[in-house]
Amino acid sequence: MEKNLHGLGERMVRAGLINKEQLADALLWQERENTLLGETLVNHGIITGEQLFRFIFTSPGATLGEVLIGHGYIDREQLAEALRYQKKYGGRLGTICVSLGFLTAQQLDSALAQRVAPKGRLGDELLRLGIITQEQLDTALETQKRSGGRLGEILLFLEYVTEEQLYRALATQGEIGRLGSDVRLSDVKALPYGLANRYAAIVIREEKQYTVVAVESKLDEAAVKDMEAYLEKPIEQVLMTNAERLRFWEQAYRREEILGSVFALYDEQPENSAIETFTTPQLVTLLVLLAVFVVSLAANWFVTLLTLVIVFQILYLAMAIAKFWMVIKGARHNAQLRFSAEEVAAVDETKLPVYTLLIPVYKEKEVLPHLLKRIQNLDYPKYKLDVRILLEENDPETIELVRAMRLPSYFTPIVVPASMPQTKPKACNYGLLQAKGEYVVIYDAEDRPEPDQLKKAYLAFQKLPEEYVCIQAKLNYFNSRQNLLTRLFTQEYSMWFELLLVGIMQMDVPIPLGGTSNHFKMEFLRQVGGWDPFNVTEDADLGIRLYKHRYKTAILDSRTWEEANSDVKNWVRQRSRWIKGYMQTFFVHMREPVKFYRQIGFRGMLGYLAMILGTPLLPLLNPIFWGLMVVWLIFQPFWVQMFFPGPIYYISVIQLILGNFIFVYMNIVGTYYVIRDCAIKKNQPFSYGLIRSGLLTPLYWVLMSVAAYKALFQLIVKPHYWEKTHHGLTEHSDVDHVQYIEQLLIEEQARNRKKESVSSNSLESKGTLHETKSH
């Protein structure tokens, strides 16, 4: 209450009704006499009662409490009691006074009609309250003019206001209340989840005459009517912050949000969900094929096995030709979306939309401290970012670390409730529930996206036709030199993202997306059902579903640098999960082969079989033929020669020499393209010496076969099990967390000292109030 009264004195000083010396004397008298400030000024003859009355009713900054006392509707004790009630339970002061019986609704309407309300500009209100200075407002307005956005979010980003100060001013601006300190959702009947989400509103208190509803922004008239029709009584709106909304939804709708993040795709599109690995018709088909194979072996084992050898040789040949053709098409310069530095610099930042970044994190505290710096390095207005760090409830160490970090206002830590399956796609679905962006991208905690990637993705969406709803950035590894495994891994990724996926895009066939740095139009991502939490390679599956909906994907010439797996066991865990996910994806979309063929067409089906079936099948077949070759070279048994008669033998030799050469050559070419491109851009993370590692690619294929058989076993016994990949294994990823957090605290103390210095000088700041845009 003292703060409000002191605010009255400051307004009188600014209006020239009293001077600073008179205000200082009156404040001393007020404390000694325990009276209202206005009463003190009148009693000591500084102003007349008529001047006080006229000022209260003509001042745009007059509080409703001052107006009600001026009218004589309430007294000082009643105002104090109403303010205590408001602090505890929230709401508008006038409504509270009516509810407590201090005045009638007619008296409140009369006071409001005579009161001169503030002009409704957020900046003016914050200046009036002394929360910001004119210099700070000018800085925020200049930022808004340059990059657009809402003034309140800019002020938060610049750390000129706290979230509580901002939302208190927004509540005043919107003439609605704010939350109180006592919110007990268990005492009220919750709104249906769909209604609460539609209006971002939740019931927090029941009164006799009305229901108090917390809202993220003031509801329009239609929404108010809809809400009141359901609640069957008038509503009183109070403003809640984004953090408060997350907390309330966690309390009131935890079950609904868990179910939504896990079962939404299954409920809406059961045919696209991997919740069931093999359907009954698929199991019957597999059993019939197995029976036919056994019977054929019994009838004529030689012809049966020879037929399989011929089929697999043709398959190898077809895959080699198909992938080589894809690489040729991907090597064209115009196959990727490319934007020059001048085009990026020319982006009008005022038109940039809010961009959501989903960052799933699980037991990765080794790399998480670097995340803050990488996001801050992005060339995008930070207050237009909606960065959601997705933490798992059963990972207390990482949660504790995040809470110890002083995150900027555009970061939102979200704790994903523990439930099965515990997978990355489930966490992303949970983060998507209340995401704000027009576009959304996934980054892993260790990712290092190029700073201009978000702007390039924005330009890509603006350039492409409406049916392009996904932009895939290219992935590669920053630790390629660590050991032989990371060099071979880098070779594979260079070919895959630099040439193969680019070529697939040119052929208009389904694109298996990468696990990170895929940018989506939020509306369409939600339309296709988000990610499948039961598919352990959710990115490849989502690429197929986008294609089934006739949406398209493009490849962007922008890289995200990741950490290549440097440990063999860890690599096998990761690769077996990927291959298992491809197997899941194949069986999911082949449940109704005829229908699926009609959906994606002949070209799409060929691409689907080449990428989704071929990727796990070839590593499974390789050891069989390698074994036959080794047995023949050592023992030369006659029965091996029987399976490779005449033409089949020469085809196999060509496959062995030319086919393997093509696959090795594609890796080498892909690596060369990446190194050359980085050299042209004057960003050289690789040496040309990396190309030599391509000659050892067959060793890498052996590991892939190990992972493939592990994946096949897991597909049968535990299809939804997510084998966690451990990151932070490179030397420069290590970090002293205690030292890091101590540094954060030192920086925070320095900022606080600076704010205190600014606040102490705020009363001395002068200047004309600038018009501001609403939040």
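Hydrogens, waters and symmetry mates play no part in the numbers below; they use all other heavy atoms, side chains included.
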Does [X] reach the side chain of [Y], with side-chain heavy atoms less than 4.5 Å apart?
X: Leu525; Y: Leu542; answer: yes
X: Met522; Y: Leu432; answer: yes
X: Leu628; Y: Phe644; answer: yes
X: Leu485; Y: Trp571; answer: yes
X: Asp541; Y: Phe534; answer: no
X: Val536; Y: Gln584; answer: yes
X: Glu438; Y: Val354; answer: no

Nearest 0.5 Å, please: how far is [atom2] in [Y] from [atom1] in [X]?
X: Ile651; Y: Ile310; atom1: CD1; atom2: CD1; value: 8.5 Å
X: Ile612; Y: Met605; atom1: CD1; atom2: CE; value: 12.0 Å
X: Leu378; Y: Gln453; atom1: CG; atom2: CD; value: 8.0 Å
X: Gln574; Y: Asn565; atom1: CD; atom2: CG; value: 4.5 Å
X: Gln472; Y: Phe497; atom1: CD; atom2: CZ; value: 5.5 Å
X: Glu492; Y: Met495; atom1: CD; atom2: CE; value: 6.5 Å

message = Go through it in stages, so that I can follow the logic: the residues are Gln422 and Tyr362, the test is side chain to side chain donor-acceptor pair (under 3.5 Å), and I'd like the CA-CA distance, side-chain angles, deciding distance and then a yes or no.
response = CA-CA 10 Å; Gln422 185 170 319; Tyr362 183 57; 3.2 Å; yes
Would you confirm whether [X], through its side chain, and [Y], through its main-chain N or O, come within 3.5 Å as a donor-acceptor pair?
X: Ser273; Y: Tyr266; answer: no
X: Asp539; Y: Gly515; answer: yes
X: Asp567; Y: Lys569; answer: yes
X: Arg448; Y: Glu563; answer: no

What pair of heavy atoms forms the shortest contact from [X] to [Y], and how long is it?
X: Leu464; Y: Ala554; result: CD1-CB, 3.8 Å
X: Tyr547; Y: Gly604; result: OH-CA, 3.9 Å
X: Gln655; Y: Leu317; result: NE2-N, 2.9 Å

Does atom [atom1] of [X] have more than 12 heavy-atom neighbours, drawn from other residues, nucleotides or ligands, at distances under 6.0 Å?
X: Arg598; atom1: CZ; value: no
X: Phe324; atom1: CZ; value: no
X: Trp325; atom1: CH2; value: no
X: Glu271; atom1: CD; value: yes
X: Tyr665; atom1: OH; value: no
X: Arg254; atom1: CZ; value: yes

note = Which of Ser419, Pro533, Pro417 passes side-chain contact (heavy atoms from CB on, under 4.5 Å) with Tyr430? It is Pro417
ask   = Taking Leu556 as the fixed residue, which of Asn518, Leu459, Leu337 is the one that meets the side-chain contact (heavy atoms from CB on, under 4.5 Å) rule?
value =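 Result for side-chain contact (heavy atoms from CB on, under 4.5 Å) with Leu556: Leu337.
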Validation: residues 702-722 side-chain donor-acceptor distances under 3.5 Å, sequence neighbours left out:
| from | atom 1 | to | atom 2 | distance (Å) |
| --- | --- | --- | --- | --- |
| Ser705 | OG | Pro619 | O | 2.8 |
| Ser705 | OG | Trp701 | O | 3.3 |
| Tyr709 | OH | Leu620 | O | 2.6 |
| Lys710 | NZ | Glu723 | OE1 | 3.1 |
| Lys710 | NZ | Glu723 | OE2 | 3.2 |
| Gln714 | OE1 | Lys580 | NZ | 3.1 |
| Gln714 | NE2 | Glu723 | OE1 | 3.4 |
| His720 | NE2 | Ala274 | O | 2.9 |

Donor-acceptor pairs under 3.5 angstrom involving side-chain atoms of residues 501-510: please list them, not counting sequence neighbours.
| from | atom 1 | to | atom 2 | distance (Å) |
| --- | --- | --- | --- | --- |
| Gln506 | NE2 | Ala335 | O | 3.0 |

request  = For this output row, return yes or no: ring centroids of Tyr316 and Phe312 closer than 6.0 angstrom.
outcome  = no
query = With ring centroids as reference points, do Tyr458 and Tyr355 lie under 6.0 angstrom apart?
reply =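 Tyr458 vs Tyr355: aromatic centres not under 6.0 Å.
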inquiry  = Looking only at side-chain N and O atoms, does Ser261 offer a donor or acceptor that is under 3.5 Å from a partner on Asn429?
reply    =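 The criterion, which ignores hydrogens and geometry beyond distance, is not satisfied for Ser261 and Asn429.
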ask   = Any ion pair linking Glu364 and Lys424 (charged N to carboxylate O, less than 4.0 Å)?
value =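 No salt bridge links Lys424 with Glu364.
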key: Presence of salt bridge, Asp677 and Arg559, under 4.0 angstrom   =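 So Arg559 pairs with Asp677 through a salt bridge.
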